[in-house]
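Chain letters run A, B, ... following the sequence lines, proteins first and then strands; every chain starts at 1.
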There are 4 protein chains.
Amino acid sequence: MTDKKENILLSALQLFASDGFNATSTSKVAKQAGVSEGLIFRHFENKEGLLKAILAMGESKIKDLFAEIVLETEPKLVIRKTISLPFQVKEEDYDFWRLQFKLKWELKNYVSQKMDPLEMALSNAFKKLQKPKPELESKKLLLLVDGISSALLKGDLKNKEELHQFLLNKYEV
Amino acid sequence: MTDKKENILLSALQLFASDGFNATSTSKVAKQAGVSEGLIFRHFENKEGLLKAILAMGESKIKDLFAEIVLETEPKLVIRKTISLPFQVKEEDYDFWRLQFKLKWELKNYVSQKMDPLEMALSNAFKKLQKPKPELESKKLLLLVDGISSALLKGDLKNKEELHQFLLNKYEV
Amino acid sequence: MTDKKENILLSALQLFASDGFNATSTSKVAKQAGVSEGLIFRHFENKEGLLKAILAMGESKIKDLFAEIVLETEPKLVIRKTISLPFQVKEEDYDFWRLQFKLKWELKNYVSQKMDPLEMALSNAFKKLQKPKPELESKKLLLLVDGISSALLKGDLKNKEELHQFLLNKYEV
Amino acid sequence: MTDKKENILLSALQLFASDGFNATSTSKVAKQAGVSEGLIFRHFENKEGLLKAILAMGESKIKDLFAEIVLETEPKLVIRKTISLPFQVKEEDYDFWRLQFKLKWELKNYVSQKMDPLEMALSNAFKKLQKPKPELESKKLLLLVDGISSALLKGDLKNKEELHQFLLNKYEV
DNA sequence: AATGAATGAGGGTTCATTCAT
DNA sequence: AATGAATGAACCCTCATTCAT
């Protein structure tokens with residue numbers, strides 16, 4: 001991958017994440033990447049191709065993150081890791097995650113089944129811990145984590161760490 | 001308010017809610033409303049004015065909904081009503097709420113402090129019920145409700161009613 | 001003539017004179033006149049009709065001014081009055097005259113033969129005073145007067161009165 | 001400079017000069033230049049940028065013309081050259097000059113101090129020739145030249161050459 | 001691999017004008 | 001006489017994309 005191609009990807013990620021996919025023009029991306037507009041199309045065919053490339057770039061990041069949880073056998077740890085998920089996102093990864101959440105609202109046909117394995121793992125963990133209605137318990141936690149992530153990425157969440165501890169205590173994990 | 005003006009408002013609400021504000025052209029709105037494009041600008045000055053008119057239209061809806069909770073004195077009822085919030089949204093109001101959530105991600109400077117009074121009321125309720133850390137408890141519930149609302153509006157939530165009951169039981173309200 | 005009709009005429013005169021005919025929209029005129037846009041068309045049929053009405057309104061002003069010179073028999077007085085022409089325009093008439101000059105540049109088919117009788121009168125005056133080439137002398141003076149008028153109306157002319165006296169002396173009138 | 005870019009400039013000059021800046025649409029310019037409308041904006045950013053490019057193109061023309069006079073040391077020649085100024089404009093430059101004069105009336109904030117050095121040079125020349133009130137004499141000549149130029153560019157001036165000679169004789173230059 | 005010129009479709013907005021009331 | 005709703009064409013400008021070099 002050439003330098004210029006990477007520049008395009010990084011600039012696009014940042015702009016898509018902050019302004020949204022539709023509101024970001026290819027010319028803006030080219031300008032910020034210090035590259036001719038045509039080059040974007042040579043490398044990625046079209047604007048959507050650029051988006052897909054960005055998402056693909058992060059796929060592994062997501063997979064690693066989820067694998068870490070799904071492959072965990074100790075049920076308490078599964079829950080603890082799920083809760084900690086949004087609180088451990090690194091600053092440098094914010095753009096990527098903000099883009100993910102933005103896209104869920106922006107693109108009509110953006111369906112994400114990425115969470116499914118996580119839901120099953122969680123469900124299983126709650127079952128092992130003898131919790132009644134483990135599926136609903138799992139669903140509930142994931143919805144909470146989603147709410148937290150959203151707030152975090154939008155910058156709406158103060159006293160982040162306090163909340164993190166509070167939740168770990170609540171779930172006794 | 002003339003018929004055509006109302007047509008514009010309704011069409012715009014629907015399109016903004018389904019495609020997003022930026023991705024919806026005024027010409028699309030006009031076409032769906034069966035109206036000349038210019039009329040939009042006669043009535044609402046510009047595209048943003050149209051958006052504001054839509055939001056204003058729903059302001060009262062939001063206020064009523066929140067007042068119902070904030071003015072409640074029985075703490076258990078405060079919590080119960082908060083939980084029930086997303087589950088009671090009527091089908092016909094989905095567009096409006098989907099738009100609200102979309103805008104939080106789409107518009108850079110869309111800040112909503114509408115939830116603040118709700119957070120205080122909830123916090124108070126938990127305090128009255130002797131819950132430790134009532135502020136965090138309140139925050140947590142609101143984040144969960146936000147996660148639920150998002151999923152609901154995006155059509156990602158099956159077994160809606162089951163979850164509703166589960167939560168009411170959990171919180172013993 | 002109703003008040004509203006007159007309001008339209010005066011507002012249009014002012015706006016056409018300051019911004020130009022093309023750059024002044026009928027909506028701007030209506031707004032400044034405190035009148036509905038439709039009324040303009042009821043009274044003047046179309047935008048050009050409005051312009052013509054304004055010009056007609058001033059026709060008499062022009063005729064009076066020129067008659068004063070053309071009917072003068074004393075040659076020296078003819079010249080003196082011609083020279084004084086631009087210097088005697090009243091502040092309140094500036095808009096009207098500015099409009100006249102603007103239109104000469106703005107409208108393709110604005111031909112004004114209004115000056116012809118003046119040119120003949122001047123020519124005659126110079127002839128009576130035994131000036132060689134009275135037609136050219138007349139032409140020259142009119143071109144000078146035109147240059148002065150332009151500068152005056154554009155606000156480009158300082159020491160107006162000094163120049164006025166200087167010219168009267170020059171021509172010994 | 002590509003052919004198309006030059007086409008745009010030339011077409012715009014011609015249209016602006018004949019119809020005025022406001023009355024000339026970018027689509028008209030594009031059509032006449034045989035070019036897509038978007039190209040105008042790629043090359044000149046916006047309509048005003050196009051105008052500025054045209055004016056810049058002629059700046060040197062103006063500077064050369066004025067330098068020729070201002071740098072002249074022989075007073076009689078300064079006057080002669082000033083008088084000849086409008087009479088020597090080449091047919092091919094008419095559009096450019098017509099545009100200059102049009103803009104003085106069309107644009108609100110078009111201030112031109114280009115004439116200032118010329119006024120000083122002329123003033124000096126008249127002083128050297130012992131004329132009384134050289135500043136006013138200079139002012140007068142420039143106003144006359146302006147009147148002549150206007151008439152010439154509007155096509156209002158017959159017997160051009162006769163007038164030219166007449167003036168040179170008058171001023172004995 | 002990379003540029004920059006070029007395009008056609010569509011963006012939001014303003015315009016002069018019409019018409020029912 | 002007067003309004004205000006309504007329109008269709010045109011406005012300037014931006015967009016994603018193509019192509020010769």
How many whole angstroms separate atom [atom1] of [X] from atom [atom2] of [N]?
X	N	atom1	atom2	value
Leu39(D)	dC13(F)	CG	P	14 Å
Ile8(C)	dT17(E)	CD1	P	14 Å
Glu37(C)	dA20(E)	CD	C1'	17 Å
Leu50(C)	dA16(E)	CG	C1'	12 Å
Met1(D)	dA6(E)	CE	C1'	17 Å
Asn46(A)	dA9(E)	CG	P	19 Å
Asn7(C)	dA1(F)	CG	P	15 Å
Phe41(C)	dA16(E)	CZ	P	7 Å

Subject >> Shortest non-hydrogen separation from Leu39(A) to Lys4(A) and the atoms involved >> reply: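 Where Leu39(A) meets Lys4(A) most closely, the heavy atoms are CD2-CB, 3.9 Å.
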
Subject >> NZ/Lys61(D): more than 12 non-hydrogen atoms of other groups inside 6.0 Å >> reply: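 Yes.
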
Original post:
Pick the nucleotide of DNA chain F nearest each of Glu45(A) and Asn22(D); which residue has the one closer to the 5' end?
Top reply: Asn22(D)

Original post:
When the nearest nucleotide of DNA chain F is assigned to Gly38(C) and to Lys47(A) on a heavy-atom basis, which residue is associated with the more 5' position?
Top reply: Gly38(C)

For [X], which contact category applies under a 4.0 Å heavy-atom criterion: base, sugar-phosphate, or nothing?
X	answer
Thr2(C)	sugar-phosphate
Lys5(C)	nothing
Thr26(A)	base

Would you say [X] places a side-chain N or O within less than 4.0 Å of OP1 or OP2 belonging to [N]?
X	N	result
Lys4(D)	dT7(E)	yes
Ser27(B)	dG11(E)	yes
His43(D)	dG4(E)	no
Arg42(A)	dA1(E)	yes
Ser36(A)	dG4(E)	no

**OP:** Answer with yes or no whether the side chains of Thr26(D) and Glu37(D) bring together a donor and an acceptor at under 3.5 Å.
**Re:** yes

**OP:** Kindly say whether Phe44(A) contributes a backbone atom to a donor-acceptor pair with the side chain of Lys52(A) at under 3.5 angstrom?
**Re:**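 Not a single qualifying donor-acceptor pair exists.
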
**OP:** Begin from the C-alpha positions of Lys154(A) and Asp146(B) and carry the test salt bridge (Lys or Arg N to Asp or Glu O under 4.0 Å) through to its verdict.
**Re:** CA-CA 13 Å; Lys154(A) 280 186 293 198; Asp146(B) 185 81; 5.1 Å; no

Subject >> dT21(F): pairing nucleotide in any strand, Watson-Crick or G-U under 3.5 angstrom >> reply: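 By the stated definition (distances under 3.5 Å), dA2(E) pairs with dT21(F).
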
**OP:** Any strand is fair game: report the nucleotide pairing with dG8(F) by Watson-Crick or G-U wobble, both distances under 3.5 Å, or none.
**Re:** dC15(E)

